[in-house]
Each structure stands twice: as C-alpha cells, then as structure tokens.
Amino acid sequence: IHFEDRRLVLNTLPSITIKYRTWLQMEDTERLSSASRDLNTFWSHLESQRQKLEMEMEEGREGAADRTMQRRNKRGRPQLSLPQSMLGVQLDLRDLMRQVNSQFFTPDTLAETPPSLTRSAKFTTQVSGPSRWVSRLEGYVILRDLERYLTKLARDYTLLRAKY
C-alpha cells in the first residue's frame, strides 16, 4: 500500500517546482548555491523530526520496559528504529551537501559547511496523543519532498554535466 497526499505541505521546506524557462536561464553558481541552501534546510527539518521521534521513543520506553525482544529484519539483523533510519538519511544528505559545496565553493571561501551531527540545535517539542500523528505526517512530508527535490537536483547535475 502506498500513501500519497500532495495536499500535505510544509511551507518551511524549499519549493520543488520551478518554471522550465526560469530553470534553463539559471546561472550555474545560482543553481549550486540554491542546492546548497535547500539541502541544508532539508537537513535541519530531518534533524528536528529525528529529535521528536527520539523523544517519542524515550516516552514509550518508560511504559514498555519489560519488552526484551527486538524486531529483526529479513536477514535476522536487528531492525533499525525510525530515528536510526532518519540518522542514516541525514548522513547521506550531509555527504551530498559536501559534494555540492565542493562543486561550488573554493576551500578558503567555503560559506556553508554541512551541519555536524554532534552540533545540532535542540528543538524542544513535546509530542503526545494526536500530535504524534501530526508529527508522523510532517516526517512523511519532509521525506516525500526530499525525494522529489533530489530528483530535481539530479536533473540540475545532468544539465551541468552536459554543459562541461
């Protein structure tokens, strides 16, 4: 079963749509600068969402301390929790941000370095009851829009590669 609801949006995420003529007329530096800024925004949203999920898990552990069985994947390995999976996405995104920045910035003028996973802003949001569902929907929207944005970024890189 695949859930998709394009009506769900977070206005703080970068826009994915762009007019074709505008996209073609963008300068290379503008294209890369925008990608760097947008990826950083997605990373920050993922970090916030991961912290919310970790708080949920901490709250859940207090009530379920007697659960000793850990879920396993098809290969018998321990299944990653949702926050652990989100961290994996963040690590991949951080590596992509470094790649984009290395294309755009010189080493001595590197304006925005990818965020460090140890240096993260703490978001203090209590998640309980119905707001847990809202939080899950936010996570869905972040990941859905990130996937769509990465498709757009692949198109940008295809265009840049064709030019050089």
Side-chain angles (χ1 to χ4, degrees), residues 1-19 22-23 31-101 111-158:
I1 297 175
H2 182 74
F3 173 76
E4 177 94 27
D5 189 350
R6 300 275 179 158
R7 294 172 300 170
L8 297 173
V9 294
L10 284 175
N11 293 328
T12 53
L13 290 174
S15 176
I16 296 163
T17 58
I18 187 170
K19 292 181 180 177
T22 304
W23 180 73
R31 193 179 305 280
L32 290 168
S33 174
S34 176
S36 177
R37 184 179 52 252
D38 293 347
L39 290 172
N40 199 3
T41 301
F42 276 109
W43 190 95
S44 297
H45 278 78
L46 286 170
E47 176 65 7
S48 172
Q49 192 65 27
R50 185 179 63 81
Q51 288 180 5
K52 287 178 190 177
L53 290 169
E54 284 177 345
M55 284 191 328
E56 278 182 35
M57 286 186 67
E58 288 300 320
E59 290 171 4
R61 279 192 194 129
E62 293 169 6
D66 59 333
R67 267 194 272 162
T68 56
M69 291 291 292
Q70 186 176 13
R71 296 178 82 179
R72 302 220 171 249
N73 66 15
K74 292 178 183 177
R75 295 184 179 181
R77 295 184 182 131
Q79 188 173 4
L80 295 177
S81 68
L82 201 50
Q84 289 169 328
S85 296
M86 186 105 26
L87 181 61
V89 172
Q90 282 184 273
L91 290 170
D92 291 342
L93 190 57
R94 185 191 63 190
D95 293 344
L96 178 59
M97 291 165 63
R98 282 193 177 125
Q99 182 64 35
V100 168
N101 287 343
E112 272 188 54
T113 57
S116 164
L117 292 176
T118 57
R119 173 214 53 87
S120 61
K122 290 291 179 191
F123 296 92
T124 54
T125 306
Q126 293 295 338
V127 181
S128 62
S131 63
R132 279 190 179 180
W133 176 246
V134 172
S135 175
R136 297 292 166 107
L137 287 176
E138 286 175 354
Y140 157 76
V141 170
I142 293 166
L143 291 171
R144 178 202 65 199
D145 286 0
L146 176 59
E147 178 184 31
R148 292 175 59 214
Y149 187 84
L150 292 175
T151 301
K152 175 186 170 288
L153 186 59
R155 244 183 324 210
D156 287 347
Y157 264 91
T158 302

Next item on the list: Write down the atom of Tyr149, the atom of Ser34, and the distance for their closest heavy-atom approach.
Entry: OH-O, 3.8 Å

Checklist line | Interatomic distance, Leu46 atom CG to Leu146 atom CG [nearest 0.5 angstrom] | finding: 6.0 Å

Note to self: Distance check, rounded to the nearest 0.5 Å: Leu91 atom CG versus Trp43 atom CH2?
What the structure shows: 9.5 Å

Margin query: As a quick check of understanding, evaluate side-chain contact (heavy atoms from CB on, under 4.5 Å) for Val89 and Asp92, giving each step before the final call.
Written below: CA-CA 5 Å; Val89 172; Asp92 291 342; 5.8 Å; no

Margin query: Please evaluate residues Leu32 and Asn101 with respect to the criterion side-chain contact (heavy atoms from CB on, under 4.5 Å), reporting the C-alpha separation (whole Å), side-chain torsions for both, the decisive distance (0.1 Å), and the verdict.
Written below: CA-CA 8 Å; Leu32 290 168; Asn101 287 343; over 6 Å; no

Next item on the list: Test Thr12 against Thr41 for side-chain contact (heavy atoms from CB on, under 4.5 Å), laying out the working first.
Entry: CA-CA 8 Å; Thr12 53; Thr41 301; 5.9 Å; no

Checklist line | Flag for Glu47-Ser44: side-chain donor and acceptor within less than 3.5 Å | finding: no

Item checked: Check: Ser81 main-chain N/O paired with Ser85 side-chain donor or acceptor under 3.5 Å -> yes

Checklist line | Short side-chain to backbone donor-acceptor contact, Arg50 and Gln84, under 3.5 Å | finding: no

Note to self: So, taking the atom named CG in Asp38 and the one named CG in Asp145, what distance separates them when rounded to the nearest 0.5 Å?
What the structure shows: 11.5 Å

Notebook entry, point to check: Is the side chain of Arg31 donor-acceptor paired with the backbone N or O of Trp23 at a distance under 3.5 Å, no angle test?
Noted result: yes

Margin query: Assess whether a salt bridge exists between Lys52 and Glu56, defined as any Lys/Arg side-chain N lying under 4.0 Å from an Asp/Glu carboxylate O.
Written below: no

Margin query: Determine whether Leu96 and Leu150 satisfy the following criterion, side-chain contact (heavy atoms from CB on, under 4.5 Å), listing intermediate values before the conclusion.
Written below: CA-CA 10 Å; Leu96 178 59; Leu150 292 175; 3.5 Å; yes

Checklist line | Met86 to Leu53 - nearest heavy-atom pair and separation | finding: CE-CD1, 3.7 Å

Note to self: Please report the interatomic distance CD1(Ile142) to CD(Gln49), rounded to the nearest 0.5 Å.
What the structure shows: 4.5 Å

Margin query: Looking at Ala154, is its backbone amide N or carbonyl O close enough to the side chain of Thr158 to form a donor-acceptor pair, meaning the two atoms are under 3.5 Å apart?
Written below: yes

Notebook entry, point to check: Can you check whether Arg98 reaches Asp95 side chain to side chain, under 4.5 Å on heavy atoms?
Noted result: yes

Notebook entry, point to check: From Leu82 CG over to Glu54 CD, what is the distance, rounded to the nearest 0.5 angstrom?
Noted result: 10.5 Å

Notebook entry, point to check: If you measure from CZ on Arg136 to CZ on Arg132, what distance do you get to the nearest 0.5 Å?
Noted result: 7.5 Å

Note to self: Under a 4.0 Å threshold between the charged nitrogen and the carboxylate oxygen, would Lys152 count as salt-bridged to Glu147?
What the structure shows: no

